[in-house]
**Q** 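What follows is a structure written as structure tokens; I'll ask about it next.
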Protein chains: 2
Amino acid sequence: MATIKQVAQAAGVSVATVSRVINESGYVHEDTRRRVEDAVRELNYTPNEVARSLYKRKSKLIGLLLPDITNPYFPQLARGVEDRLQEQDYRVILGNSDESREKETEYIQTFLQNNVVGVISSTHAPDHEMYTGLKIPVVFLDRTVNDSPSVYADGREGGRQAARELVQRGSARIVIIQGPAAVRTAMDRYEGAAEQLEKLGASYQVLKTDSFSFTEAEAWAQELFRQYPDSDGIIASNDIVAFAVLQEAVRLGKKVPQDVQIIGFDDIPLSRLLTPSLSTIHQPAYEMGRAAADLIIALIEEAYVERRNIQFAVSFIERQTTRKVEL
Amino acid sequence: MATIKQVAQAAGVSVATVSRVINESGYVHEDTRRRVEDAVRELNYTPNEVARSLYKRKSKLIGLLLPDITNPYFPQLARGVEDRLQEQDYRVILGNSDESREKETEYIQTFLQNNVVGVISSTHAPDHEMYTGLKIPVVFLDRTVNDSPSVYADGREGGRQAARELVQRGSARIVIIQGPAAVRTAMDRYEGAAEQLEKLGASYQVLKTDSFSFTEAEAWAQELFRQYPDSDGIIASNDIVAFAVLQEAVRLGKKVPQDVQIIGFDDIPLSRLLTPSLSTIHQPAYEMGRAAADLIIALIEEAYVERRNIQFAVSFIERQTTRKVEL
DNA sequence: TTGTAGGCGTTATCAA
DNA sequence: TTGATAACGCCTACAA
């Protein structure tokens, strides 16, 4: 990697002049500009971001903290974030927190040590001091936070929709699978569903679970039908759990959607390829990622940002785990 | 963020001394060490990695270049890489290349600008000059490369296994779905399968496809049964395609695995939750990610590294899209 | 229009 | 055992 000094030498000017042309700042004669540009090309020079970062006390790096990239919902968020950031010449440092405060703090710390200019986090502890004390902007992604910048989907409405669709399609003994109580979004979905079912005067049961993980999804699915064997409509806490529920239902010889209808949440890419394909509540994850990136960039680059809380609408995606509604 | 100067002042020593204690280098009196440590704690000081990086001309950053984190196979690799790197205090800058040379070069460039000390790449162009010209170590992940450090699974053997298992379970009109010709691993799988089928004297057909994407998987599945309606055994190019094939088979009223058996490749987490669950060739993605991280760290920190090419064994995971073999 | 020089936060060399 | 100080590569007053 060539340095600015070498370019200066090659072009027969001072480093200041080189700096001026590459940053397009200050005056520089057309001729010398050309000479410098030639030298830059010649030496294949690109500025050392580290030196820049040291001087300016800020970088083009943004920290992205996700619970677990392995969970099928997050890659889409990550991709959205990354794509948008990339377009604006920012780069992302990735961290998997596993919802652990300790890991989160550690990452935030090293983000800071690397002069990141902002962080996008999908955390359960948005009001933890590790965030509130931060001097750089933070955007909470997939988390509802009122007084801090955030991008999220309307989980509550999603829950309502799921409930509505199920009832409309004739389920009468509905079970809501409630996700981890600590996860705000999971609770939103649950509350929305419960609220709507009550409003409709439908009876329902609740199965409490405490994680979204692959491995445990199967166990819950079994538990579900053990406790509520005659349930005819399941509102799953997310698509993964819905996959497991479908599998268990089939194993028990139930017909889906005839005997039991299932609705997931998230609309991960594979739910369309499931057999039968999964009816679910769609969250525009990729767009949400992009929006979060947009927001953090705005917060970094602009003095004032109007819309600091961006809510995305969710939508019911009708596929094959729910019955056709009679018109 | 406190600086070393502030710590020095607080401890009543010079920055050199502070540097010595935090780096545990050179002599420093026990008493002053304590004073410094107190100051460090007091001010909550952590060294600025950017300044360090500038001086040392290297960072604790490693670039990770993946085709598309959204493809269910990659998050596991990424997680493995990230976990291991994190344990050794390295951080990862993530990039999605979409297999585009242009994007790859751009990322490599900015990685360099940020003083990354190594890159882990899952590229199709390992011998492109952007890699060969690099002065920092590169590990190719999920790509077979003979003369460069790499971590990969034995795709060829995977293909053979898939073929063997299918024949053993009675499929006689097998179709191999061949992935993108440009993708070495896809070709390995294909060749392994073809080779084994020939060896077994089994007849087979080939359906050529040119990407692994979600959206097109369905189209290929349709194409597959249009061209080979009486096929009774499918070796899919990966699990996603297998998902699509299963879906199409069911749609056509075929019974799986009675009428047609299906074998996937990768063993993405959701294939276990599919209904019927997907028989597939397992690649230890997470471990491969970790191994790649181990390898890059070794290449960075050690003068000589013995095992520069690490091959992982694959294994057949028997689930429900293949018949039980008669003993 | 251009160049000099100081400083960003660290580390390492060299004297003291 | 400790402290000045140069240097890493860049940017920006300020001077010329």
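Note that this is a predicted model, so its numbers are computed, not measured. Just so you know, these numbers use all the heavy atoms, side chains as well, and skip hydrogens, waters and symmetry mates.
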**Q** With nearest nucleotides of DNA chain D determined for B/S14 and A/S25 from heavy-atom distances, which residue corresponds to the more 5′ nucleotide?
**A**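 On the 5' side of the pair lies B/S14.
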**Q** Between the side chains of B/D142 and B/Y73, does any donor sit under 3.5 Å from an acceptor?
**A** yes
**Q** May I ask you to list the residues of residues 26-48 of chain A, by number, that have any heavy atom positioned under 4.0 Å from an atom of DNA chain C?
**A** A/Y27, A/V28, A/H29, A/T32
**Q** Tell me the closest heavy-atom pair linking A/N48 and A/V50, and the distance in Å.
**A** OD1-N, 2.7 Å
**Q** From the list C/dT2, C/dA5, C/dT10, which nucleotide is the closest neighbour of the side chain of A/V15?
**A**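 Closest nucleotide among those given: C/dA5.
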**Q** Check the distance between C/dA12's C1' and B/E24's CD and give it to me in whole angstrom.
**A** 17 Å
**Q** Taking atom CD as the centre, does B/Q9 end up with more than 12 heavy-atom neighbours from other residues, nucleotides or ligands that are less than 6.0 angstrom away?
**A**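 Check fails, neighbour count at 12 or below.
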**Q** Side chain of B/I4, heavy atoms from C-beta onward: which of C/dT10, C/dG7, C/dC14 has the nearest atom to it?
**A** C/dT10
**Q** If you find the nucleotide of DNA chain C closest to B/R20 and the one closest to B/K5, which residue's nucleotide is nearer the 5' end?
**A** B/K5
**Q** Salt bridge check, A/E287 against A/R290: does any charged N sit closer than 4.0 Å to a carboxylate O?
**A** no
**Q** Any Lys/Arg nitrogen of A/E106 or A/K103 sitting under 4.0 Å from an Asp/Glu carboxylate oxygen of the other?
**A** no
**Q** Which part of the nucleic acid, if any, lies within reach of A/V13 when heavy atoms closer than 4.0 Å are counted: base, sugar-phosphate only, or nothing?
**A** sugar-phosphate
**Q** Do the charged groups of B/D83 and B/R79 touch, with an N to O distance under 4.0 Å?
**A**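 So B/D83 pairs with B/R79 through a salt bridge.
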**Q** Less than 4.0 Å between a side-chain N and a carboxylate O, is that true for A/D38 and A/R35?
**A** no
**Q** Within a reach of under 6.0 Å around CD of A/E102, are more than 12 heavy atoms found that belong to other residues, nucleotides or ligands?
**A** no
**Q** Using a 4.0 Å heavy-atom cut-off, does B/T17 contact any base of the nucleic acid, only the sugar-phosphate backbone, or nothing at all?
**A** sugar-phosphate
**Q** Please list, in 5' to 3' order, the outermost nucleotides of DNA chain D lying under 4.0 Å from any heavy atom of chain B.
**A** D/dT1 to D/dG9
**Q** Considering heavy-atom distances to DNA chain D, does A/I22 or B/Y55 have its closest nucleotide positioned more toward the 5' end?
**A** B/Y55
**Q** If only atom types and distance count, is the side chain of A/S97 paired as donor or acceptor with the main-chain N or O of A/L65 below 3.5 Å?
**A** no
**Q** Do the charged groups of A/R34 and A/E37 touch, with an N to O distance under 4.0 Å?
**A** no
**Q** Just do the side chain to side chain contact (heavy atoms under 4.5 Å, CB included) check on B/R91 and A/Y107 with the steps written out, would you?
**A** CA-CA 9 Å; B/R91 293 294 175 268; A/Y107 273 112; 3.9 Å; yes
**Q** What does the inter-axis angle of the helix from C/dT1-D/dA16 to C/dA16-D/dT1 come out as, five pairs per end, nearest 10 degrees?
**A**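 Comparing the axis at each end, I get an angle of 50°.
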